[in-house]
Amino acid sequence: MRLFKHAWILGLVLLPFMAACGGSKEAPPAPEPTPAPTPAPAPAPKVAMAEITGRAGSTVTGLVTFSETADGVEVTAKVSGLEGAGEHGFHLHQIGDCSAEDFTSAGGHFNPADQIHGGPSDADRHAGDLGNIQIGEDGTGGLSLSTKLLTVSPGPNSVVGRGVILHEKSDDLVSQPTGAAGSRIGCGVVQEG
Ligand code: CU
Ligand code: ZN
């Protein structure tokens with residue numbers, strides 16, 4: 001009997017806990033989760049490419065990529081099928097036309113600023129002066145450089161619609177107006193990719 005008599009005390013002790021439980025049920029609904037801010041997508045780099053082909057009967061092939069970044073244009077080139085090791089002048093020429101057998105249809109070096117011929121790191125140079133591609137004993141080689149004188153986007157310095165030319169000889173980076181790089185052994189038309 002004593003147990004029942006004092007049961008109310010137990011109730012008194014438990015009451016705050018029960019209230020707490022009940023309270024949690026009445027908690028206001030959780031606020032709508034605010035969607036995490038989606039980061040602005042990085043703009044897709046503008047890219048243009050040229051497939052190099054050799055003269056009739058030649059095994060020369062290659063691929064040149066122009067990739068526009070905030071810092072200018074990254075130029076990468078890979079060529080193969082050449083005969084032996086050596087340096088070969090490599091330029092962006094004015095016209096994207098490889099129809100002539102000797103590729104003279106591509107015109108002269110791309111030179112929108114009316115500059116003198118030079119090397120890719122000279123302050124005074126044609127925008128199209130990309131220097132030389134070093135070819136190894138296996139007849140392959142490549143080049144990778146960055147230039148602020150070219151764009152892929154439309155404009156006076158855009159590479160799109162122009163021609164890439166690989167030369168027979170080394171560009172001495174000095175002789176005017178072509179670097180004495182000799183005849184043209186590879187040609188490609190730059191197309192937006
Ligand atoms: Cu050239
Ligand atoms: Zn030049």
Side-chain angles (χ1 to χ4, degrees), residues 48-68 71-136 139-152 155-193:
M49 291 195 226
E51 243 177 86
I52 293 182
T53 51
R55 292 195 191 199
S58 143
T59 54
V60 170
T61 58
L63 184 68
V64 187
T65 305
F66 299 89
S67 187
E68 187 169 301
D71 246 0
V73 168
E74 302 275 343
V75 185
T76 53
K78 278 197 169 125
V79 296
S80 60
L82 284 96
E83 287 172 24
E87 277 193 336
H88 294 265
F90 181 63
H91 315 120
L92 185 69
H93 284 237
Q94 250 177 321
I95 309 161
D97 182 353
C98 300
S99 62
E101 222 173 296
D102 59 359
F103 302 139
T104 50
S105 47
H109 294 187
F110 180 44
N111 184 21
D114 196 20
Q115 271 285 3
I116 59 165
H117 178 71
S121 51
D122 291 334
D124 295 337
R125 67 183 193 272
H126 301 142
D129 290 345
L130 303 174
N132 287 293
I133 295 187
Q134 191 75 46
I135 302 296
T140 75
L143 164 151
S144 178
L145 60 82
S146 179
T147 172
K148 290 183 194 291
L149 297 189
L150 298 173
T151 69
V152 174
N157 289 46
S158 178
V159 298
V160 177
R162 310 214 172 266
V164 286
I165 292 285
L166 185 68
H167 287 270
E168 171 201 12
K169 296 193 238 167
S170 163
D171 180 340
D172 65 12
L173 313 180
V174 180
S175 296
Q176 301 302 321
T178 62
S183 68
R184 308 174 179 195
I185 60 169
C187 183
V189 178
V190 185
Q191 291 170 308
E192 206 161 356

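Note that the numbering runs from 1 along the sequence shown for the chain. Each ligand, and each atom within it, is numbered from 1 in the order the structure gives. Keep in mind that what you see is a predicted model, and the values were worked out from it rather than measured.
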Is any side-chain heavy atom of [Y] closer than 4.5 Å to one of [X]?
| X | Y | answer |
| --- | --- | --- |
| Val79 | Thr61 | no |
| Ile116 | Gln176 | yes |
| Asn132 | Lys169 | no |

Can you tell me which N/O/S atom of His91 has the shortest distance to the Cu ion (ligand 1)?
ND1

How wide is the angle at the Cu ion (ligand 1) between NE2 of His167 and NE2 of His93, to the nearest 10°?
130°

List-wise, which protein N, O or S atoms are found short of 2.8 Å from the Zn ion (ligand 2)?
His109 ND1, His117 ND1, His126 ND1, Asp129 OD1

Over 12 non-hydrogen atoms of neighbours within 6.0 angstrom of CD in Glu51
no

Describe, in one word, how the ring planes of His167 and His93 are oriented to each other, choosing from parallel (under 30°), tilted (30 to 60°) and perpendicular (over 60°).
tilted

Any chance you could measure Asn157, atom CG, to Leu150, atom CG, to the nearest 0.5 Å?
6.5 Å

Examine the side chains of His126 and His91 and answer whether a donor and an acceptor come within less than 3.5 Å of each other.
no

